[in-house]
Amino acid sequence: MAQTDSNASADEVPEGGVVTEDPADHSVWPLWEVFVRSSRGLSHVHAGSLHAPDAAMALRNARDLYTRRNEGTSIWVIPAAQVVASDPDSKGGYFESAKGKAYRHATYYTQSEGVPHL
Amino acid sequence: MNSAADFTSQDSATRISVGDAITPEGLGASSTPAPEETARYALLLGDDCLILAQRLGHWISRAPELEEDIALGNIALDLLGHARFLLTYAGSAWGKSEDDLAYFRSEEEFRSCRLVEQENGDFAQTIARQLLFSFYTHELYQRLIHSADSTLSAIADKALKEVDYHQDHAAQWLLRLGGGTEESSRRMQNGLEAVWPYLEELFADVEPTAELSKNDIAVLPSSLRENVLTRLTAIIEQAGLRVPDAKGALGADRSGRFSEHRGFILAEMQVLARQHPGATW
Amino acid sequence: MSIKKPELRAVDSPNQPITQDAHEAADDARVGWEHFQQLMEEDKRVEPRDWMPEQYRKTLVRQVSQHAHSEIIGMQPEGNWISRAPSLKRKSVLMAKVQDEAGHGLYLYSAAETLGTSRDEMYQQLYTGKAKYSSIFNYPARTWADVGAIGWLVDGAAITNQVPLCRASYGPYGRAMVRVCKEESFHQRQGWEILYTLSHGTEEQKQMAQDAVDRTYGPALQMFGPPDGDSPNSQQSMAWNIKRFSNDDLRQRFVDMIVPQAEALGLTLPDPELKWNEERGHYDYADLDWDEFFSVVKGNGPLNHQRLAHYRAARDNGAWVREAAAAYAAKQADATRGSALLSA
C-alpha cells in the first residue's frame, strides 16, 4: 500500500525521533536473485530478489515471497554476487555486431516465398 | 484510472492465478452435514488450528526479518484455512457457521490443546511450538486422508500438503538456531523445554476421537505418539539439542480447565464480534 | 554485501571541471550522460548498471526507500486488527493483506538496492528516525472500520500514485511497481467491501464506517504530498520520469474517483465545499490542513513514537535470530570447504 509524502521536507530529521544506533549487526544476510518458472514448458524468468542466510532458506523465502499467488511451479535462487553481467549498452559496441545481419533471419530469404514447407 | 494490468509486460514470473483447491466457502455449500460425533471431532481439530493461527498472526510486523514476516504469515494463513474447513464442516451438524463457532463459544466450549495456546515467547519458542504441532499434524493428516468420512479425508489431503512445508520451516529454523550461536542454541533449548510439557496432550485418547477411531473416521491420538516422538527426537538431536525430559503436564484433556491462556486469547479474538451480535461484516 | 555497484563514478554534469586522474572517468561520464539524456527524452528505461547522474540516483533511493518504509510501517495500523477481525474470512483477508505489505516493502527495498544502497542501510535510516514514511500511518486505526477506510482511501490514493509509476524511468522501480499494483487492487477492493458491508449493516456499524471515513479523508488526500507550489523537487522528478504527474494532478484525479464511490457506499466525505465544477470538469475541494501535515512529518503525529518503537523492538528482538542464521551459514560453508579439501 501507501506511497511517500513526496518531497515533503525530505531532509529534516523528525523532532520526535530519538536517534539511536541499531545495535551492531554482524548478521546481514546476502542478496539472492530469484527466478520463477510459471508453468511447465516455460523458462525460469527473473522475478526479483531477496535476502537469506543461505541457499536453503533463500529457496524457501522465494517460495513464500514470489509464489504467494500461484505464480510458479519451480524456483531457482542464485547469489546476486555470482551474477556476471555484460557492460551497459551505453558503453558502446557490445551488441552492435548482432545488428544488421539480416541474413541470419528467415525473412531475408525471399525466393522461397509461396513454396510449401520452406 | 488505468489498471495496473495495462502496464504489465508479458512477464510470466508475475502471472497470478487462484489455483485449484478446496475453499471453506465451497465446503460449506457442498458437503453433506457432519454426523454429531464427527462434528465434535472436526471442532477439536479446527480449534487447534484456529488458536495457533491467532497466535502466529501476532508475528506479522514483528518477525526477525522481513522475509520471515512473510513466511510466518503464510503459515498462519494456511492454519486459518484449515480451521475454517474444519469449523465449517463441524457447524454443518448444528446449522452453525464457522463464525458462530469461532466467536460465540465460551472458553469452556473450546477444545484446543494447550500446546497451541502457549505464548509466542521469543522466536525460538514459537519455532519449538511450530515444530511439535507441525510434526504432530503431519502424522495425523497422513492418516486422516484415509478417513471413512470423505469430507475429513478431503480436508486432510489439502492440509497435509501445506503442513509438509510448516514442518520443513520449523525444522530448518531448529537446525539454524540449534547450530547458530551460543545464544541461539540456549534459546532454542529453552523454547523446547517451555512447550514440551504440552506435547502429551496431543496423544491423549479423548472422546469423541477414541470412539470414532473404531470406525476409521478419526485417528486414535495415542497411535500417533511413537512416530511423532521418533521423528522429533531425530531432528532435535540433529540440531545438537536435547530432547527435554519433562513429563506431560497434568490435565491433558483439552477441556480448558487446566489452561490460563485460552480465556485471554478468546477475549481478544471475540471482542468485536460479540459487541455486535447478529451483525454481518 | 553483494549490491550491484555502478562501475562509473558519476558526476553531475559533463561540464564539471576535470582533474587529471579523473580524466578517463570523465570521458566515460560524458558518454554516459549523453546516453542518459537520450533515454529520458525517448521515455526509455534506465537499468542498474547504466551511468546515471548522482542526483538521479539519490532522488530515486530516497523516493523508493521512503515508499518501502511506508509499506513496513503501514503494516502496523492494520496489523493491529488481525487478532480482532470480526469474522474468519475477514481475518484471512487482513492477514494476507498485511503480509502483502511486507512483500511490497521487500520488492521496493530490492529495487533501491540495485542503486547501490544496501537494505541494511535503509533499515538503519528508518531505525534511527532519519527516514520518512507516509504520515498517514502515524494516525491510529481505532475501529474495524478504519481497516476498511485504509483499504479504500489510503490504498486507493496509493494506487492512483503508483499506477503511473509502473512506467517510471528506472527499470527495477517500474517492475516493482507493476507487481505492487497487481496486488494492491485486491487491497482497495477489500477495503471498499468492508465499508460497504458496514454502511449497509446496523446503525452502529454505519456510524463506525462514517467516522472512519471522516478521519481518513484528509490525511489520505495529503498522501499525494504538498501542493505543487510547495513541492520544489517535483519538476526535476517529472523531467526524470520518476514522477509522472504532479501532486495536485494526482490528488484531483483521486478526488474525482472517490466522490461517486462514496455515493455508492452511502457515506459522505467530510468536506462541505466538495462540489462538481462544470467548467473545470472536476470536483472542487477545500484546502487541507497543511500545518497539521507538516507537524506530523516532523515527528509530532499522534503515533510517530509508537510506530518507531514497534519497528525498533522487532529489529532488536530479531537480532540474535539473524545473527544465528548467518553464523550457521558460515559454519556450513566452512564444513563444505573442509570436506572438499579432504576429498581432494
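Below, chain A is the first sequence line, B the second, and so on; all start at residue 1.
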Discussion item. If you count heavy atoms of other groups shown closer than 6.0 angstrom to CD of C:Q235, is the number above 12?
Written reply: no
Practice prompt. Count the heavy atoms of every other residue, nucleotide or ligand shown that sit under 6.0 Å from NZ of C:K44, and state whether that count exceeds 12.
Written response: no
Discussion item. For A:A85, which atoms come within 4.5 Å of any heavy atom of chain C: side chain, backbone, both, or neither?
Written reply: both
Worksheet item: Taking every heavy-atom pair that is under 4.5 Å apart, which of C:A333, C:S110, C:P172, C:G156 has the most such pairs with chain A?
Response: C:S110
Worksheet item: Rounded to the nearest 0.5 Å, how far apart are CG of A:D64 and CG of C:L106?
Response: 11.0 Å
Worksheet item: Which heavy-atom pair separates C:R322 from A:W29 by the least distance, and what is that distance?
Response: O-NE1, 3.0 Å
Practice prompt. Determine yes or no for a side-chain-to-main-chain donor-acceptor pair under 3.5 angstrom, with C:R49 supplying the side chain and A:S86 the backbone.
Written response: yes
Worksheet, complete the sentence: Residue set satisfying ring pair (Phe, Tyr, Trp, His ring centres under 6.0 Å) with C:F245, at least two apart, ordered chain then number -> none
Item to complete: Compare every heavy atom of C:A329 with every heavy atom of A:P53, then report the nearest pair and how far apart it is.
Response: O-CB, 3.2 Å
Item to complete: Would you mind checking which part of C:E183 comes under 4.5 Å of any heavy atom in chain A, side chain (CB onward), backbone (N, CA, C, O), both or neither?
Response: both
Worksheet item: What part of C:Y328 is in contact with chain A, defined as an atom under 4.5 angstrom from a non-hydrogen atom: side chain, backbone, both or neither?
Response: side chain
Worksheet item: Do the non-hydrogen side-chain atoms of C:R179 and A:E71 ever get within less than 4.5 Å of each other?
Response: yes
Worksheet item: Ion pair present between C:D100 and A:R69, side-chain N to carboxylate O less than 4.0 angstrom?
Response: yes
Discussion item. So A:L31 and C:E113, do their side chains get closer than 4.5 Å, heavy atoms only?
Written reply: yes
Worksheet entry | Shortest non-hydrogen separation from C:G103 to A:L65 and the atoms involved | CA-CD1, 3.6 Å
Response to the item:
Residues passing the salt bridge (charged side-chain N to carboxylate O under 4.0 Å, His left out) test with C:D248, sequence neighbours excluded, are C:R251
